Protein chains: 2
Amino acid sequence: MIHNGPMAEEGTLTSGTHTDVREPIGEEHPICRLRDVLDRVGDKWSVLIMDLLGSGPQRYSELHRSIDGISQRMLTLTLRSLERDGLVDRTVTPTSPPRVDYALTPVGATLSDQVAALIRWADDHREYVARSRGRYDTARDGTP
Amino acid sequence: MIHNGPMAEEGTLTSGTHTDVREPIGEEHPICRLRDVLDRVGDKWSVLIMDLLGSGPQRYSELHRSIDGISQRMLTLTLRSLERDGLVDRTVTPTSPPRVDYALTPVGATLSDQVAALIRWADDHREYVARSRGRYDTARDGTP
DNA sequence: CAGTATCCTTGGTGATACTG
DNA sequence: CAGTATCACCAAGGATACTG
């Protein structure tokens, strides 16, 4: 049985104590530990940012301009949680106007590599997926 | 500039014509093509299912029992889109009661491998992330 | 068993405005 | 420049009930 729900609330991870309120679930599948990364990789913006930072540090405004359609709110929020997870470093240069640079941490870089692999997969199988969808949909539309 | 919005609606992929209504954006970053996979990997259930199927075909009811907390609705929906993308095969044995087996397609297996790599990453860096969060949070709570 | 149909909630997201 | 704060929305997802 894979437990998928929020098995570890912020407090559980934060507190330092790993007191599991629920039954032990780690033995059967490592998936339950995956949630964090998945949520990281899953949301729209994290991956974009991880990729962008993969080619070097970027300023807040550079990221904002580079990522079409992201709001300041989401950019900040995403960067914050990336920083919180130890995946990106935030460097403030208290000039005026202030300057803030974001860069991958060493660990963040390794995740960035995984993301890159995923991107490559997506690229390699882009057409396959498109054709699969085409076939699936026409099969449903064609013979109703 | 990375375009992230829904650049290709279902219809665009489905129709077979790749008439891009928007400006050409593929040159700058391959990210825009990634959305499909990301959405696949990103949502709660697809990854769980891909992993489960990685160890062999499973019946609907097996998946349902194996994945704690998933509703029939979401299980069906997720399996359908996985099938639509050509990542899993659905085999109906029209006995009574009916029996339906799900298995990874060859291509689905390769994505499953990527997912497995991600899982490994998550496992390897689980503690690191937890401690990063701990430090980040106590830094905020400790000095308010 | 393996779904489909329906209703309803919630939180992730965008838009907007303000600030050190 | 690099954020923070607030509001408002709506689609993803859960709960429940029904069916071939």
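Residue numbers begin at 1 in each chain, while the letters A, B, ... track the order of the sequences. Computed from a predicted model, the values in this text were never measured in an experiment.
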Novice: Closest approach to the side chain of A/Gln72, judged atom by atom: which nucleotide of C/dC1, D/dA2, D/dG14 is it?
Specialist: D/dA2
Novice: Measuring from A/Leu63:CG to A/Leu53:CG, what's the distance to the nearest 0.5 Å?
Specialist: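 With rounding to 0.5 Å, CG (A/Leu63) is 5.5 Å from CG (A/Leu53).
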Novice: For A/Ser81 and A/Arg40: C-alpha separation, side-chain torsions, deciding distance, then whether side-chain hydrogen bond (donor to acceptor under 3.5 Å, both in side chains) applies.
Specialist: CA-CA 9 Å; A/Ser81 61; A/Arg40 189 84 294 125; 2.8 Å; yes
Novice: How many Å lie between CG on A/Leu77 and C1' on D/dT6, as a whole number?
Specialist: 13 Å
Novice: Give the nucleotide from the list D/dT4, D/dG20, C/dG3 with an atom nearest to the side chain of B/Tyr60.
Specialist: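 Between D/dT4, D/dG20, C/dG3, the one nearest the side chain of B/Tyr60 would be C/dG3.
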Novice: Mind calculating the distance between CG (A/Leu75) and C1' (D/dA5) to the nearest angstrom?
Specialist: 17 Å
Novice: Determine: side-chain N/O of A/Arg59 to OP1/OP2 of D/dC1, distance under 4.0 Å, yes or no.
Specialist: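 Result: no.
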Novice: C/dC1, C/dA2, D/dA2: which one has an atom nearest the side-chain heavy atoms of B/Pro97?
Specialist: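 For the B/Pro97 side chain, the nearest candidate turns out to be C/dC1.
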Novice: At under 4.0 Å, does any side-chain N or O of B/Arg90 touch on OP1 or OP2 of C/dG3?
Specialist: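 For B/Arg90, the contact criterion (side-chain N or O under 4.0 Å from OP1 or OP2 of C/dG3) is met.
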Novice: Report which part of the nucleic acid B/Arg73 touches: base, sugar-phosphate, or nothing (heavy-atom distance under 4.0 Å, all strands).
Specialist: base
Novice: Rounding to a whole Å, what distance do you find between A/Met74:CE and C/dG12:C1'?
Specialist: 7 Å
Novice: Would you kindly give the CD-to-C1' distance between B/Gln58 and C/dG3, to the nearest whole Å?
Specialist: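 Whole-Å distance recorded here is 18 Å.
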Novice: For the atom pair CZ (A/Arg90) and CZ (A/Arg84), what is the distance rounded to the nearest 0.5 Å?
Specialist: 15.5 Å
Novice: Round to a whole Å and report the spacing from CG of A/Leu48 to C1' of C/dT13.
Specialist: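 For the pair A/Leu48 CG and C/dT13 C1', the rounded distance is 15 Å.
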Novice: Applying side chain to side chain contact (heavy atoms under 4.5 Å, CB included), run through B/Leu111 and A/His125 and close with a yes or a no.
Specialist: CA-CA 9 Å; B/Leu111 179 55; A/His125 301 281; over 6 Å; no
Novice: Nearest of C/dG3, C/dC1, D/dG3 to any side-chain atom of B/Tyr102?
Specialist: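 Selected nucleotide (nearest to the side chain): C/dG3.
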Novice: To the nearest 0.5 Å, what is the distance between OG1 (A/Thr78) and OH (A/Tyr102)?
Specialist: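 Going from OG1 on A/Thr78 over to OH on A/Tyr102, the span is 10.5 Å.
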Novice: Using both distances under 3.5 Å as the test, list the Watson-Crick or G-U wobble partner of D/dG3, or none.
Specialist: C/dC18
Novice: Could you state the atom-to-atom distance from CG of A/Asp43 to P of D/dA11 in whole Å?
Specialist: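 Whole-Å distance recorded here is 19 Å.
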Novice: Does OP1 or OP2 of D/dA15 have a side-chain N or O of B/Ser71 closer than 4.0 Å?
Specialist: no
Novice: Taking atom C1' of D/dA2 as reference, at what distance in whole Å does atom CD of A/Glu62 sit?
Specialist: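 Checked: the CD to C1' distance equals 13 Å.
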Novice: Rounded to whole angstrom units, what separation is found between the CH2 atom of A/Trp45 and the C1' atom of C/dG12?
Specialist: 12 Å
Novice: If you check every side-chain atom of A/Lys44, which of D/dA2, C/dT13, C/dG3 has the closest atom?
Specialist: C/dT13
Novice: Reckon B/Thr76 has a side-chain N or O less than 4.0 Å from the OP1 or OP2 of C/dG3?
Specialist: no
